[in-house]
Amino acid sequence: MEIILASKSPRRRELLQLVGLDFSVVPSNADESAILEDDPAMLVRRLASVKCEAVKSARSDCLVIGADTIVVYDGQVIGKPTDAHDAKRILRLLSGKTHTVYSGLCVMTDEKKLVCHDTTYVTFADLSDEVIDAYVATGDPLDKAGAYGIQGMFGMFVEKIDGNYFNVIGMPLPRLYELMLSAGVDIMKMNRLS
């Protein structure tokens with residue numbers, strides 16, 4: 001069965017490659033701005049579903065994976081920074097504190113639509129203005145929810161995580177395995193056959 005990732009995220013591509021999936025990428029053009037939801041868990045589930053549905057509606061005989069990730073601190077949803085100034089503001093806000101990362105996941109086949117989410121708590125070290133300025137100058141935080149990537153150099157400033165590490169990157173791999181298995185696709189058997 002063809003597997004399609006409905007995301008242009010290079011990090012999600014890397015994670016699917018890491019588990020040995022053979023897949024293609026078809027970024028979703030779904031309008032995410034129309035989705036209003038106060039509950040962060042429901043928001044990421046709906047966003048992942050909309051992305052998945054947009055790609056699946058044009059294709060049959062395939063399994064489509066949709067995902068979305070947000071950062072929440074003090075009840076405020078923090079998406080990707082709009083620019084370097086905004087990235088610095090976000091990192092100062094999260095410095096020395098614990099925030100929550102929510103990732104929604106949707107898997108669709110012709111027969112099934114399965115949706116879930118995962119939650120991880122992330123605690124930053126206290127960040128000096130010099131560290132923030134230097135990190136933002138690399139350009140790394142500009143395309144990431146919460147203005148950081150745990151899998152890169154910023155990992156040096158993550159003091160603690162409570163929950164799944166891959167969820168923070170944008171794809172909760174244990175949940176993906178469960179959903180795909182429920183949809184009739186066993187990643188482990190696929191890997192043995194290839």
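Small disclaimer: the values here were computed from a predicted structure and weren't measured.
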Practice problem: Would you please test Tyr135 and Asp140 for side chain to side chain contact (heavy atoms under 4.5 Å, CB included) and show each step? | Solution: CA-CA 7 Å; Tyr135 178 56; Asp140 188 57; 2.5 Å; yes

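- Taking each heavy atom of Lys8 and Arg13 in turn, the nearest pair found is O-NH1, 3.4 Å.
- Residues Arg12 and Thr69 bring a donor and an acceptor atom of their side chains to less than 3.5 Å of each other.
- Put simply, the side chain of Ser103 gets close to the backbone of Asn167: a donor and an acceptor are under 3.5 Å apart.
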Self-check item: From CA spacing to verdict: side chain to side chain contact (heavy atoms under 4.5 Å, CB included), Val158, Val168
Solution: CA-CA 11 Å; Val158 174; Val168 183; over 6 Å; no

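- Taking CZ of Phe157 as the reference point, atom CG of Leu91 lies at 10.5 Å (rounded to 0.5 Å).
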Self-check item: Verdict with supporting geometry, Glu14 and Arg11, salt bridge (charged side-chain N to carboxylate O under 4.0 Å, His left out)
Solution: CA-CA 5 Å; Glu14 289 167 7; Arg11 289 157 298 280; over 6 Å; no

Exercise. Quick one: do Tyr102 and Leu43 satisfy side chain to side chain contact (heavy atoms under 4.5 Å, CB included)? Show the steps, please.
Key: CA-CA 9 Å; Tyr102 294 86; Leu43 176 62; over 6 Å; no

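- Looking only at side-chain heavy atoms (C-beta outward), Lys144 and Gln151 come within less than 4.5 Å of each other.
- For Ala48 against Ala67, the heavy-atom pair with the smallest separation is CB-CA, 3.9 Å.
- If you chain together hydrophobic residues whose side chains sit under 4.5 Å apart, Leu142 and Val77 never meet in one group.
- Rounding to the nearest 0.5 Å gives a distance of 8.5 Å between CG of Leu5 and OG of Ser24.
- The side-chain heavy atoms of Leu94 and Val122, taken from C-beta on, include no pair separated by under 4.5 Å.
- In terms of heavy atoms, Thr109 sits closest to Ala183 at CG2-CB, 4.0 Å.
- Residue Asp22 comes nearest to Ile3 through the heavy atom pair O-CB, 3.9 Å, listed as atom of the first residue, atom of the second, then distance.
- Side-chain contact between Cys106 and Lys51 is absent, with no heavy atoms from C-beta onward closer than 4.5 Å.
- Distance SG/Cys62 to CD1/Ile4: 4.0 Å, rounded to 0.5 Å.
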Quiz item: Can you list the steps and then say if Lys56 with Asp110 is a side chain to side chain contact (heavy atoms under 4.5 Å, CB included)?
Solution: CA-CA 8 Å; Lys56 185 71 178 106; Asp110 292 348; 2.4 Å; yes

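- Lys97 places none of its side-chain heavy atoms less than 4.5 Å from the side chain of Asp74.
- Lys88 places no side-chain N or O within donor-acceptor distance of the main-chain N or O of Val136, the cut-off being under 3.5 Å.
- Close placement of the Phe154 and Phe124 rings is indicated, their centers lying within 6.0 Å of each other.
- Residue Ala41 comes nearest to Asp39 through the heavy atom pair N-OD1, 3.1 Å, listed as atom of the first residue, atom of the second, then distance.
- Between Glu178 and Arg175 there is a salt bridge, with a side-chain nitrogen of the basic residue lying less than 4.0 Å from a carboxylate oxygen of the acidic one.
- Between Glu2 and Asp61 the shortest side-chain heavy-atom distance does not fall below 4.5 Å.
- Residues Ala6 and Val55 share a closest heavy-atom pair of CB-CG2, 3.5 Å.
- Side chain of Asn164 to main chain of Phe166: a donor-acceptor pair is present (N/O by atom type, distance under 3.5 Å, no hydrogens or angles).
- Proximity of Ser28 to Val50: side-chain heavy atoms (C-beta onward) are nowhere separated by under 4.5 Å.
- We find the OG1-CD1 distance between Thr82 and Ile90 to be 7.5 Å, quoted to the nearest 0.5 Å.
- Val107 places a side-chain heavy atom less than 4.5 Å from the side chain of Leu176.
- Counting heavy atoms from C-beta on, the side chains of His99 and Val101 come closer than 4.5 Å.
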